[in-house]
Peer 1: 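I have a structure here, written as structure tokens, and I will follow up with some questions on it.
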Amino acid sequence: MIAELGHFALILAFVVALVQGIVPMAGAARGHGPSMKLADTAAVLQFLLVAGAFAALVHAYVTSDFSLVNVYGNSHSLKPMLYKVTGVWGNHEGSLLLWALMLTLFGAMVALFGRNLPDGFRARALAVQGLVGVGFLAFMIFTSNPFARIDPAPLEGNGLNPILQDPGLAFHPPFLYAGYVGISIAFSFAVAALIEGRVPPSWARWVRPWTLAAWSALTIGISGGSYWAYYELGWGGFWFWDPVENASLMPWLAATALLHSAIVVEKRDTLKSWTILLAILAFSLSLLGTFLVRSGVLTSVHAFASDPTRGFFILIFLLAVTGGALTLYAIRAPALKAGGLFQTVSRESSLVLNNLLLATATATVLLGTLYPLILDVLGGAKVSVGPPYYNATFMPIMVPLILALGIGPLLPWKRGSLLTALAKVKLVAALAVLGGIAIVLATTDAPVLAVLGFVLAFFLGGAVLVELAQRVQLAKLGPMGAFRRLVTLPRGAMGMSLAHFGMAVSVIGIAAATGFSQEHLGVMKAGDTVEIAGYSLTFQGVEDVPGPNYTATRGRFEVEGVGTLSPETRKFRAPPMETTEAAIHSTPIGDLYVVVGEKTGPGYATRIYWKPFVMWIWAGGIMMAFGGLVSLSDRRLRVGAPVRRAAAQAQPAE
Amino acid sequence: MMFVAFGLLAAVVAILLLRPLMRAGAGPDAAAAERAVYRAQLAELAAEAANGQMPAADAENARLEIERRLLRVGAGRKLSGRPSLVLAFAVALGVPAAAALLYDELGAPGLVDRPLAERVTAQGQEDETRRLVDALEARMKAAPDDPRGWALLARARAAEGKLIEAAEAYEKVIVLIPDSVDARLGAAELRIAAANGMVGPEAKALIDQALTLQPANAAARHFAAYARFANGDTAGAVADWQAILKDVAADDPIRDAVTAGLRAAGAPVPEAAPVAPGPTAADAAAAQAMSPDERQSMIEGMVARLAERLKEQPGDLDGWLRLARAYDVLGKAPEAVAAWEKAAALKPDDAAIAEGLVAARARLPVK
């Protein structure tokens, strides 16, 4: 009964989404108030209905109701409770339901908290949001129904892919989806503005926070996914340029660009047309990611289903959303009024440069992701585009981007001087180059790219500190006065510094872990000792340990000064599969990463890595996301007026 | 019950959707909303400037900028606030109707939840069997041309003790497959059992027909012999039975029934070494010398060894089939169902396995 009620609620949500997509849109066109008001009610109702359906599916998983095809296919009665719950979205249908839940949640929040948006605009934005919901709910109901039943019900399920039986599944997809879906709000706002033919003043006030929230969630989702891959896949890699990862990186790059151009819209009331285009592209890239992952075009741990009908449906949906929105843009964009003017060297222009570089980077990744697929479809050779391509294309774009990232915030709005800005960072630049030289001298065979990464990261980190020091008037007020100013600094500025600094931290982690890691691969017998990066590891053999739904072969490594590291190889029964659980000793300056594998001759195959500064990659990611949230909490007014030469700066109020 | 809940849900949705459509009153026009945003910005700015959170010069610049934007706001379009009855009506009726139509197409109306915890209790298993049989009954009503379904239903009804109904199900098979000997004998056996061992005219006719169709069929000959025995012709029955024993192979399952008949008639039973596929000759010899308890535990030991081995080699279809049949024989219905399910998973479209699975499910313990 609960399962069927969930199914009925999902269908009702689909019908309500249709109403939400049609009635308010027509109402806004005819100037009919009650029809427009319907959007708010429908958006909240649609969320409640989808939430009900989601709860019903969770209930079925928790009670192991194998009369649902979805539960039968992806759960098992012996699975620990955590994975029964997370297993809800560890499969194709359930993950779509989570997508729909997030989508409707965001729609409901616009309806509830968007009172300061003009009625007509809100009605149109919610209608667009409703139509996106129609697409997703239809996809679910007609091709991937999570509530399909089997009667009679089997007594046992097939189990969840063991790689997904990990706490990572609890946070990675929800954050990622919150990110993708948050961008849909920017998309709906953009399309609503295009339909309306003008951008209301509160537009940027809305688009920027939503984009910020989405971007922060996406950053956490991607960092989390990367960390998960690092500890689960057993060889210490953290980014593989895998098409599925690229599918999440592209919306992130586009959202980063959108975030920055939205600042210009908000502060200076200009760049509106470009920002709208970015919003459309960012959401289209989210959908493209969904298409790539869910259509079976790619095979990976993310591709739960490979079914041509589903792929076809998403492709049509993608074309309708992207094509429709871009056509609308082509027709309406010229009508959008341009706002304030700015000079070639100014904060605005540095943000435009940032946008150009990020857009190029996105295009690069898009090309690298799609080229092998297109070649494959055309009957060409099977090619795989991997790190060499991205090192040659993506990395060169990152160099000017990071340089601009350091200098841009030092430029004032509307008009500035590049020389003044450069003068402020020349000391930092010199120190960064010296740091690079020091690294080359201190190590042997330092890879060029890694050293360049360090230099850039030092420069960026230093420039962020210089900007912060300037903002709190460190030179003028002394440490105490500057600290007082730091505390009262606008949160937007704090968020920016945090996020930019986080970027520097990540770059250090990436450069160190890719350029300077050490490894020892080989067969070890009990009693053997390996020296790596100053650690001495003694292998003490393996033992078999039973788990809740697997048996583990657990190796024991005695590490001098650290204790015991116990990596495992787990053999699962349903489905029969093996996973490796690396033992990781994390320190701020690097990770000791140990894996034990098959019995080989007299000993066991082992892999031991030293990954210097690898945690910094994700620490930087968390800093960026946190910066986004800090900035989000800034409710200050956002009107950027050009700063005049103010001889008498305001003294701190005391 | 379920449809009441559906109705309530749809009604609540419809009523909530009606509310905004039925309420009169237009909101402020777009231009007024925009001016309100700018006024709020000015108020916030003034508050911040007063608190000293913003340098006075910046605040002044920002104020000028906002006022410039405020001046640019033109006149907005007037909104109509009249409630639209037609629209309200269409939405309130259309939404539940469309949902009901879609659900009718896609849903499984009336199908209850099957949480595992409920199903592993005795009551749950009884319900399970009941539901399976009900589902089969319903299916046969809808598709009465499927002889395999009727045969299954016959066995399920027989397991429930509905002997006459079971016999009638077999008779449906006879209608569909006129030369089926097995269905005739099945029906005859059930009718005899229902009459406490008496062979009535219907049963007699069925046995005669079977014998006419296949005069050499051992089972048919056995039933004919039994009919003689039940009607008092003990000598004739014994002669027939002894003739059957000479003709059938040493491992023919009919042998047990025939020897039971001979014993009932008080006639001597000729020795024949049982040949089973599983145990070795030595095992069987040892089994002969055992007490019934010991024999039982030996069989169970062998089954346990087989089960253990299958854990290591879950892909061994023959092994699963042997284990399933062994559990069937031992009367361990839940284990048998599990083993049949494994076999069915390995070879999903095998009719014999599917039949074995259904039969084993039908034998799940019934209080």
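Chain letters run A, B, ... following the sequence lines, proteins first and then strands; every chain starts at 1. Given the structure is predicted, the values throughout are model-derived calculations rather than measurements.
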Peer 1: Atom NZ of A:Lys37 and atom CG of B:Leu21: how far apart are they, to the nearest 0.5 Å?
Peer 2: 11.5 Å
Peer 1: Name the region of A:Phe121, side chain, backbone, both or neither, that has any atom closer than 4.5 Å to a heavy atom of chain B.
Peer 2: neither
Peer 1: Name the member of B:Val112, B:Asp113, B:Val95, B:Leu116 that forms the most heavy-atom pairs with chain A at distances under 4.5 Å.
Peer 2: B:Asp113
Peer 1: Please classify the contact between B:Arg361 and chain A as side chain, backbone, both or neither, with a heavy-atom cut-off of under 4.5 Å.
Peer 2: side chain
Peer 1: Just by distance, do the side chain of B:Glu355 and the backbone of B:Leu152 share a donor-acceptor pair under 3.5 Å?
Peer 2: no
Peer 1: Heavy-atom pairs under 4.5 Å with chain B: which of A:Ile11, A:Leu10, A:Leu68 has the most?
Peer 2: A:Ile11
Peer 1: In terms of heavy-atom proximity below 4.5 Å to chain B, should A:Ile2 be classed as side chain, backbone, both, or neither?
Peer 2: both
Peer 1: Where does A:Leu49 contact chain B at under 4.5 Å (heavy atoms): side chain, backbone, both or neither?
Peer 2: side chain
Peer 1: Is the backbone N or O of A:Met577 less than 3.5 Å from a side-chain atom of A:Tyr550, with the two atoms forming a donor-acceptor pair by type?
Peer 2: no
Peer 1: Run the numbers on A:Asp65 and A:His59 for side chain to side chain donor-acceptor pair (under 3.5 Å), then give the verdict.
Peer 2: CA-CA 8 Å; A:Asp65 184 347; A:His59 174 265; over 6 Å; no
Peer 1: Could you walk me through whether A:Val62 and A:Met81 pass the side-chain contact (heavy atoms from CB on, under 4.5 Å) test, one step at a time?
Peer 2: CA-CA 7 Å; A:Val62 169; A:Met81 186 50 79; 3.8 Å; yes
Peer 1: Considering only heavy atoms, which portion of A:Val23 lies under 4.5 Å from any heavy atom of chain B: side chain, backbone, both, or neither?
Peer 2: side chain
Peer 1: Kindly indicate, with the supporting measurements, whether the criterion side-chain contact (heavy atoms from CB on, under 4.5 Å) is fulfilled by A:Ile195 and A:Met25.
Peer 2: CA-CA 10 Å; A:Ile195 294 173; A:Met25 190 70 93; 3.7 Å; yes
Peer 1: Any residues in residues 9-17 of chain B near chain A, with a heavy-atom distance under 4.5 Å, and which are they?
Peer 2: B:Leu9, B:Ala10, B:Val13, B:Leu16, B:Leu17
Peer 1: Is A:Ala9 close to chain B through its backbone or its side chain, or both, or neither, when contacts mean heavy atoms under 4.5 Å?
Peer 2: both
Peer 1: Looking at residues at least two apart in the chain, or sitting in another chain, which of them share a ring pair (Phe, Tyr, Trp, His ring centres under 6.0 Å) with B:Phe3?
Peer 2: B:Phe6
Peer 1: Around atom NZ of A:Lys84, are there more than 12 heavy atoms of other residues, nucleotides or ligands at under 6.0 Å?
Peer 2: yes
Peer 1: Is it the side chain or the backbone of A:Phe147 that comes within 4.5 Å of chain B heavy atoms, both, or neither?
Peer 2: neither
Peer 1: Run the side-chain contact (heavy atoms from CB on, under 4.5 Å) test on B:Leu323 and B:Trp320 for me, step by step, so that the C-alpha distance in whole Å, both residues' side-chain angles and the decisive distance to 0.1 Å come before the verdict.
Peer 2: CA-CA 5 Å; B:Leu323 184 65; B:Trp320 283 115; 3.8 Å; yes
Peer 1: In terms of heavy-atom pairs under 4.5 Å, which option from B:Leu18, B:Leu87, B:Val337, B:Leu106 contacts chain A the most?
Peer 2: B:Leu106
Peer 1: Can you name the salt bridge (Lys or Arg N to Asp or Glu O under 4.0 Å) partners of B:Glu60, sequence neighbours left out?
Peer 2: B:Arg63
Peer 1: For residues 83-105 of chain B, which residue pairs pass the side chain to side chain donor-acceptor pair (under 3.5 Å) check, not counting sequence neighbours?
Peer 2: A:Glu4-B:Tyr103
